[in-house]
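Down below is the structure, laid out as structure tokens.
Reminder, nothing fancy here: chain letters follow the sequence lines and each chain counts from 1.
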Amino acid sequence: MSEYVLEMKDIVKRFPGVVAVKNGQLNLRPGEVHCLVGENGAGKSTLMKILSGAQPADSGEILLSGESISIHNPHHAQQLGISMIYQEFNLSPFLSVAENIFLGREPRLGKTPFINWSKMYQDAREILGRIRVNLDVRKPVNECSVAQQQMIEIGKALSFNSKIIVMDEPSATLTDHELDALFALIRELKEQGIGMIYISHRLEEIFTIGDRVTVMRDGEYIATKPVAEVTREDIIKMMVGRELTHEFPKELFERGEERLRVEGLTRTGAFQDVSFSLHRGEIVGLTGLVGAGRTEVARAIFGADRIDGGQIVLDGKNICVRSPQDAIHHGIGLLTEDRKNQGLILGMTVRENTTLANLASLVRGLFVNRKRERLVTISYVRDLQIKTPSIEQTAQNLSGGNQQKVVLAKWLFTESKVLIFDEPTRGIDVGAKVEIYRLMNDLVRKGVCILMISSELPEVLGMCDRILVMHEGHLGGELSRDEATQERIMQLATGETLAAMA
Amino acid sequence: MVTATNETPSSSAATGQFLRIYGFLLIALAIECAVFEGIARYQGIRPFLSVDNLILILNQSAIYGVVSVGMTFVILTGGIDLSVGSMIAFGGVVGALVTRAVGGDSAWALASGWFAAMAAGFATGCVSGLFITRFKIPPFIATLAIMSSMRGAGYLLVQGTPVSDLPANYIFLGRYTIAGHVPVGVVVMLIVFIAGGILLNTTRFGREVRAIGGGEESARLSGVPVNRVKLAVYCMSSVLSVLGGLMLSSKLRSGDPTVGVGDELQVIAAVVMGGTSLTGGRGTIMGTFIGLLIIAVLATGLTWIGMESFGQQVILGVVILAAVLLDQFKGSS
Ligand SMILES: Nc1ncnc2c1ncn2[C@@H]1O[C@H](COP(=O)(O)OP(=O)(O)OP(=O)(O)O)[C@@H](O)[C@H]1O
Ligand SMILES: [Mg+2]
């Protein structure tokens, strides 16, 4: 019997124009959390898709408990005890928690075709109990939070008696609190001897939860190290191939005149009486717990949702924003947090996505000027270092982080006066993050003002001039760059007032 | 790795891409023609492949062709237009009625008829479009309702009896030829296809149509005027159906409210056969043209070799399935 439950050797995977994985290597011990890191497009997700049977490898070997196997499809992988938890969950929104867990394997009443509901609910409760999740198993999945859905996915994986669970960027959509719950769950699974592969761009998580870490770069295996023997800097160096001096290259600019002001903005049920202003030369952070109404405020300013009260003033003039189209026309842009459903047209090319929000500027007479369009796209692909074989690649085929960069390119091309970034660096690797921060600096230098929504406090603290904190639909308080600390932000986010703190 | 190519595609690259996209369809078309030619020779009847026959096929597909361009746009947005068959009948009836009412054998009467019919088509398209965009009625339901209403409206307008006694020039669209050979209808169809292709491929509107079908919410949040674009495609489909209706009624020299039943399915078949995805976002006008030809060649060829119409329907169904299967196979590999 081998020491490893899983060994992947010399895996190769090609796509037209790209070698996604050149020599993938990975092994996993029972009860181990093995972190997989690398830049955007390094081939992490592809390697895991091969493991979970979603895509066939071109060559290479997979050993399961020492035995060479081939994995035909995701169903087969599940039967072999390999479960994958994708960032986009594969749950049926209108079915209940229990129905989702046992989809296609519902317990029957004897030999009849009828479902044994009581047994199904009981089994589901039992499985969720094993991971200490307390959830009504009759509730439809679309009424569960993202974190709960993730727990359900993990529960589903357990119901297959999985020995290996792969989590591809599970933390990207979780709040700190939920993340703690996930980590507790992962520790629980370790106890049960389940091996886990954990992909994340938040390196600090590796040190909290990981046992060993494997680094990939450009499809190549770089190294596997015990977490205890490496530092954050070591990992970054292996990932990007050089040292990264400043993680937050913040430049301070003189605060200019006011550009955007919102007064008493209200959307019933989402947020009330939100007022703040943005000035030239500054990046303002908008933070708070998930569900505090940050995204809703951004969507309202952008005209994506109707507002019930309040006004928006841009460059001293009252403006009326009824639709995203109006907002873009006035020079307001919103980079949404959900890139798959709200950011990209997945079936369109990198070029078409990049120019979609500002096609008007490329229209000569009746026609879109293709030549200029290509030049514009190429310049963004270069500036943002988007990894793609060509600008005619469909967005669907890019890695997660590179998709995010395309969305970013789209908004940069609108040349807006005010840009609202909702979780702009989600799923982006450490090196590329720095590039994006630099880009923000450039924008601010040009007079654009930026409102950055982010759950990552280090990023907010590192890049923002002022920080607005929301709590349950209200603006809980404002902190300047100098006053702000993680603790003070958390206090405001959980509802303590500034006065109480003083 | 940042190797975005800068040069404009050379003509050979463009040909390569053309073949990659349409290769399957063109091969299917070629095989079809070859089979009919073979059978025709074997049976000792006149050869199937000839200029006259080509013109005949184009002429017979002209009406569906015009309508299928509008349908392609609708399907590209992720919608569907079931009312086209009824609009073909309704357009013909309105055109005939107004032409006869204005009276005389003048171009003026004919133009009035055309104009009135198109205007009616435009208005109807606006109604479907409004229900779909403002009231969020699914396109399938909205256009199904319009299909029923407009079929009825056609009957009501003429009390069930086809409009006859039309002036001699009424047959211009359906039976005139240019230079003694090329039917006017074929020219109209080709113009509509070329204009549709240009609209889809080179204009902002075309891009927005595909963006909506590819992801409506993303498109909306990128500032695409989703409702306006959708309204426009339903108007376009409706107007083009009326144009098809005018061509048909001109061919028949009568405004008949009973024509065009089931035509929506023929038209959708041509569009889908041409590789346009029913979920929207993916598809081309050129594909629709080839899909149309495949169906037209099939119908003409089967008649040519003497198969009766029920057998033709069976074979049409089989060919549609086969073509869509092939397309999926291509998509997945
Ligand atoms: N279906 C596909 N077709 C073509 N290319 C693909 C496809 N899937 C992935 N690729 C390419 O393979 C490379 C590796 O992608 P992968 O998704 O594995 O990266 P990743 O390491 O998960 O990156 P990220 O951190 O951004 O998620 C990328 O260059 C990507 O463009
Ligand atoms: Mg990935």
Side-chain angles (χ1 to χ4, degrees), chain A residues 17-18 41 218 299 302-304 323-329 333-334 336 338-348 350-353 355-360 362-363 366-371 374-375 377-382 384-393 395 407 410-411 414, chain B residues 1-9 13-14 16-17 20-21 76-78 133-134 195-230 275-284 330-333:
Chain A
V18 230
D218 285 338
R299 285 177 60 92
F302 185 61
S323 64
Q325 212 187 327
D326 286 349
I328 292 169
H329 173 77
L334 169 67
T336 48
D338 175 354
R339 60 179 166 247
K340 292 250 158 75
N341 298 312
Q342 303 181 347
L344 287 171
I345 314 278
L346 286 174
M348 287 185 127
V350 171
R351 168 176 57 80
E352 289 167 321
N353 272 293
T355 57
L356 186 61
N358 193 12
L359 260 185
L362 292 171
V363 174
L366 274 179
F367 308 118
V368 176
N369 183 338
R370 284 283 182 101
K371 194 164 168 207
R374 264 193 293 272
L375 290 178
T377 312
I378 287 165
S379 77
Y380 282 113
V381 165
R382 198 183 304 122
L384 298 179
Q385 300 178 15
I386 300 174
K387 267 193 200 170
T388 172
S390 94
I391 59 170
E392 301 302 332
Q393 177 76 300
V407 183
K410 175 172 79 179
W411 290 111
T414 58
Chain B
M1 255 291 290
V2 191
T3 51
T5 42
N6 192 347
E7 74 277 8
T8 39
Q17 186 169 0
R20 208 165 36 250
I21 301 175
L76 276 172
T77 65
T133 56
R134 276 272 157 255
I198 291 174
L199 190 64
L200 183 62
N201 292 324
T202 66
T203 70
R204 184 175 164 190
F205 174 76
R207 184 74 62 83
E208 291 176 338
V209 164
R210 289 198 297 120
I212 291 172
E216 191 168 322
E217 186 61 6
S218 293
R220 188 174 81 94
L221 294 176
S222 298
V224 173
V226 173
N227 284 353
R228 216 186 306 154
V229 171
K230 279 186 168 178
T276 298
S277 141
L278 274 178
T279 50
R282 192 172 63 97
T284 58
K330 180 182 72 178
S332 67
S333 66

statement: Output for pair (A:I345 CD1, B:S218 OG), nearest 0.5 Å, gives 5.0 Å
field: 4.5 Å side-chain heavy-atom contact, B:F205 and A:L366
entry: no
task: Under 4.5 Å heavy-atom distance to chain A, tell me which part of B:I212 shows up: side chain, backbone, both or neither.
output: neither
message: With chain A as the partner, which of B:T203, B:N201, B:V224, B:L221 has the greatest number of non-hydrogen pairs under 4.5 Å?
response: B:L221
- prompt: Does the B:R220 side chain pair with the main chain of A:S323, one donor and one acceptor, at a distance under 3.5 Å?
  reply: no
- request: Give the minimum heavy-atom separation between B:E217 and A:N341, together with the two atoms involved.
  value: CB-O, 3.6 Å
- prompt: Under a 4.5 Å heavy-atom cut-off, does chain B meet the side chain of A:A327, its backbone, both or neither?
  reply: neither
message: For A:V368, which atoms come within 4.5 Å of any heavy atom of chain B: side chain, backbone, both, or neither?
response: both
Partner chain B: residue of A:R299, A:Q342, A:R370 with the largest heavy-atom pair count (under 4.5 Å): A:Q342
Interface residue of largest heavy-atom contact number with chain B, from A:G347, A:G343, A:G303, A:G41, under 4.5 Å: A:G343
A:T377, part contacting chain B, at a heavy-atom distance under 4.5 Å: neither
query: So which part of A:L344 gets closer than 4.5 Å to some heavy atom of chain B, the side chain, the backbone, both or neither?
result: backbone
query: Out of B:A211, B:G206, B:G213, B:G215, which one racks up the most heavy-atom pairs below 4.5 Å with chain A?
result: B:A211
